[in-house]
Protein chains: 2
Amino acid sequence: MRDVAALAGVSLKTVSRVVNREAGVSPDVTARVERAVAQLGYRHNLAASNLRRAHGRSAMVGAVLQDVSNSFSASLLRSLEDEARDRDVAIVASSLDEEPERERSIVESLVRRRVDGLLLVPATERQDYLADDLRNGLPVVFVDRRPQGVDTDSVTVDNGLGARLAVDHLVAHGHRRIAMVGDMPSIQTAQARLEGYRSALRHAGVEPDPALAAMSVRSSDDAIAAVYRLLDLDDPPTAIFAARNSLAVGAIRALHQRGLAGRVALVGFDDFPLADIVDPPLTVVRQNVRTIGAEVAKRLFARIDGDTSAPHHVVLTPELVVRGSGEIRP
Amino acid sequence: MRDVAALAGVSLKTVSRVVNREAGVSPDVTARVERAVAQLGYRHNLAASNLRRAHGRSAMVGAVLQDVSNSFSASLLRSLEDEARDRDVAIVASSLDEEPERERSIVESLVRRRVDGLLLVPATERQDYLADDLRNGLPVVFVDRRPQGVDTDSVTVDNGLGARLAVDHLVAHGHRRIAMVGDMPSIQTAQARLEGYRSALRHAGVEPDPALAAMSVRSSDDAIAAVYRLLDLDDPPTAIFAARNSLAVGAIRALHQRGLAGRVALVGFDDFPLADIVDPPLTVVRQNVRTIGAEVAKRLFARIDGDTSAPHHVVLTPELVVRGSGEIRP
DNA sequence: TTGAAAGCGCTACCAA
DNA sequence: TTGGTAGCGCTTTCAA
């Protein structure tokens, strides 16, 4: 910037004005400065400029997701990006892989970078570690899971309801032996879905069989193994509720490999891009990711813009999408 | 930091040393400073600290992708992240949606943020606008498409070869009326795939029929319409080569809707997560995204670490993955 | 409309 | 082992 000022024969401050498009610089001087900028290939340094700025914003937000390569995280990221784009806010994305220690270190790293806000899909059970930063006014919006130990905005879906929708649907199609494949019960959503599954069964007059609830299933490959074990039971299930999309994918693969693709009913939780063209087309409980993403972006930027109202907890209602796999009869 | 220094009864510089874990501070002083840091909830400011640092790194890299929500972009992002994680480098991700103007503005914004390097899947035809920054030593690695008008590292696959693999395979299964659905010919990869398609046909003694080459098909929905038009021809194709994964998805949907799912052969370009469980399982030409991503990360960080050798142009070889849809006979 | 000086939060350099 | 001073690239404040 000093070089630009020298070349244009003006002061530092004038270059600053031109670069920031502040009013009150004569067209003549503006042109001279812009010529110097182009000639020297000068690039304005955003970090340095924000350092002295009153608000001290970095024009970055952090997106702390489960795994940017899964479709739920990726769509969330995209929704946030669409909103951030208009504001010239950059997004720093990182994946947790459900590792609590990574969450803390990533959040810490983002705070050190002075992000203006955070979208967080937590992997930890409690987020007390955020207390200081929240008190200092860092906007944080939780997604998919509610904050524990601190209070801040969240956007979630009603997981219990979603599970009941799935199980009710299977019951309505004549099933009584309904298995569930779910993630670790320590994960809030997995636990809520498990409870919804059990409550729907009881409501249908079926006592949940612990042998049919395969929990702590983490990956698609784990789900294949889990479904194999379920199918090998003496009294195997006639229907499966796969409580996360990657688990549903594993279940589909397992059923294919066993030649049971059109014989055992399957309902997934979370839609994914090709669920309508797998074989058979997958019936799912859908949480509308675009709606979630838009809601999150709205909250986050409202906070960044100074909204200091009490934390909002938005709970969205999932819906059943009927496609075929859930309508197979026992 | 001043407050921390005051509370701990030491100088600014000493706090700086403790915070940066520099050697040569007595355990006693270190403990005092750390207590003050905790008590005040002090957060080190990375931007400010890098401002004065010799190398002036921001510890951020930019990933300029087509669309973070598509699986190719998302996987690329993830591969880069895995490498960046070890180095405490953050990733700023943005989507282009194939819009050239966005590319320039995003790159400019990233340069203003002083990212240490750039992964770029360009939407522009030429990238002369990067010349200044490249000359200034900004590391940029192109992915999927080669740079035009400037020279810098790139990681691509042999698109012509990939298209020939697909068409040869269909020819080997008895097809002569082979259609192609492709993106805009102005996109380098789309053009290369079109040429590969034509050359494979000619090599098989089939004169390419322009009516069978549906180009400028942009989205999955466009692909549905395009396949409909192809199927409505007087002499419709018995096989389709879909030259991008979203186009293959559209083609699958169209074939399903027409009840031709197992009757018309289909080979896609680019694998995607569920290609093996769609109906029928999709035969594809695969470019291994993890390999690409790892290669990109390797190049990018090598440059950031000071590698000033001539630009590397890595060309990877795609492979045919046989799954069923490509082996349907006419 | 323009500029000079001080300072944002931190680190480099050199001295104690 | 510790601290003081200058300065990173920019903006703020106030004066001209």
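Chain naming here is simple, since letters A, B, ... match the order of the sequence lines and numbering starts at 1 in each. The figures that follow rest on heavy atoms only: side chains count, while hydrogens, waters and symmetry mates do not.
The salt bridge (charged side-chain N to carboxylate O under 4.0 Å, His left out) test applied to A:Asp133 returns B:Arg43, not counting sequence neighbours. Shown here are the side chain to side chain contact (heavy atoms under 4.5 Å, CB included) partners of B:Glu83, two or more places apart in sequence or in another chain: B:Ala297, B:Phe301.
Residue A:Ser49 places no side-chain N or O under 4.0 Å from the OP1 or OP2 atom of D:dG9. Between A:Ser26 and the phosphate of C:dT2, there is a side-chain N or O to OP1/OP2 separation shorter than 4.0 Å. For the OP1/OP2 pair of D:dT11 and a distance below 4.0 Å, the side-chain nitrogens and oxygens of A:Arg53 include at least one atom meeting the criterion. For A:Ser16 and D:dC10, the shortest distance from a side-chain N or O to OP1 or OP2 is not below 4.0 Å. For A:Ser11, a side-chain nitrogen or oxygen approaches OP1 or OP2 of C:dG3 to under 4.0 Å.
Regarding A:Asn50, its CG atom lies at a distance of 14 Å from the C1' atom of D:dT12, rounded to whole Å. Across the protein-nucleic acid pair, A:Leu12 atom CG and D:dC8 atom P stand 11 Å apart, rounded to whole Å. Atom pair B:Met1:CE and C:dC8:C1' shows a separation of 13 Å (rounding to whole Å applied). Nucleotide C:dT11 holds its C1' atom 16 Å from the CZ atom of B:Arg57, rounded to whole Å. When the C1' atom of C:dC10 is taken as reference, atom CG of B:Asp3 falls 14 Å away, rounded to whole Å. Regarding B:Arg113, its CZ atom lies at a distance of 16 Å from the C1' atom of D:dG9, rounded to whole Å. Between B:Arg43 atom CZ and C:dC10 atom C1' there is a gap of 17 Å when expressed in whole angstrom units. Rounded to whole angstrom, the span from the CZ atom of A:Arg112 across to the C1' atom of C:dG9 amounts to 15 Å.
An angle of 30°, rounded to 10°, separates the two end axes of the helix from C:dT1-D:dA16 to C:dA16-D:dT1, each defined over five pairs.
Comparing D:dT11, D:dG3, C:dA12 against the side chain of B:Arg52 picks out C:dA12 as the nearest. Out of C:dG3, C:dT11, C:dG9, the shortest distance to the side chain of A:Thr14 is found at C:dG3. Residue A:Asn20 has its side chain nearest to D:dT11 when only D:dT2, D:dT11, D:dC10 are considered.
Contact record, B:Asp153 with B:Arg299: OD2-NE, 3.3 Å, taken as the closest heavy-atom pair.
Counting only residues at least two apart or in different chains, salt bridge (charged side-chain N to carboxylate O under 4.0 Å, His left out) contacts with residues 19-31 of chain A comprise A:Asp28-A:Arg32. Residue pairs meeting the salt bridge (charged side-chain N to carboxylate O under 4.0 Å, His left out) criterion with at least one member in residues 140-149 of chain B, sequence neighbours excluded: B:Glu98-B:Arg145.
Residue whose closest nucleotide on DNA chain D sits further toward the 5' end, between B:Leu51 and B:Pro27: B:Pro27. Mapped onto DNA chain D by nearest heavy atom, A:His44 and B:Val29 fall at different nucleotides, with B:Val29 at the one closer to the 5' end.
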Scan the side chains in residues 3-15 of chain B for donor-acceptor partners under 3.5 Å anywhere in the protein, sequence neighbours excluded, and list what turns up.
| unit_1 | atom_1 | unit_2 | atom_2 | d |
| --- | --- | --- | --- | --- |
| B:Ser11 | OG | B:Lys13 | N | 3.4 |
| B:Ser11 | OG | B:Thr14 | N | 3.3 |
| B:Ser11 | OG | B:Thr14 | OG1 | 3.3 |

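Residues A:Leu130 and A:Thr152 are not in side-chain contact: their nearest non-hydrogen atoms beyond the backbone lie 4.5 Å or more apart.
Here A:Val19 lies out of heavy-atom contact (under 4.0 Å) with every strand.
A:Gln188 contributes no side-chain N or O that, together with a main-chain N or O of A:Glu125, makes up a donor-acceptor pair within less than 3.5 Å.
Judged by distance alone, with hydrogens and angles left aside, B:Arg17 brings a side-chain donor or acceptor within reach of the base of D:dG3, the pair sitting under 3.5 Å.
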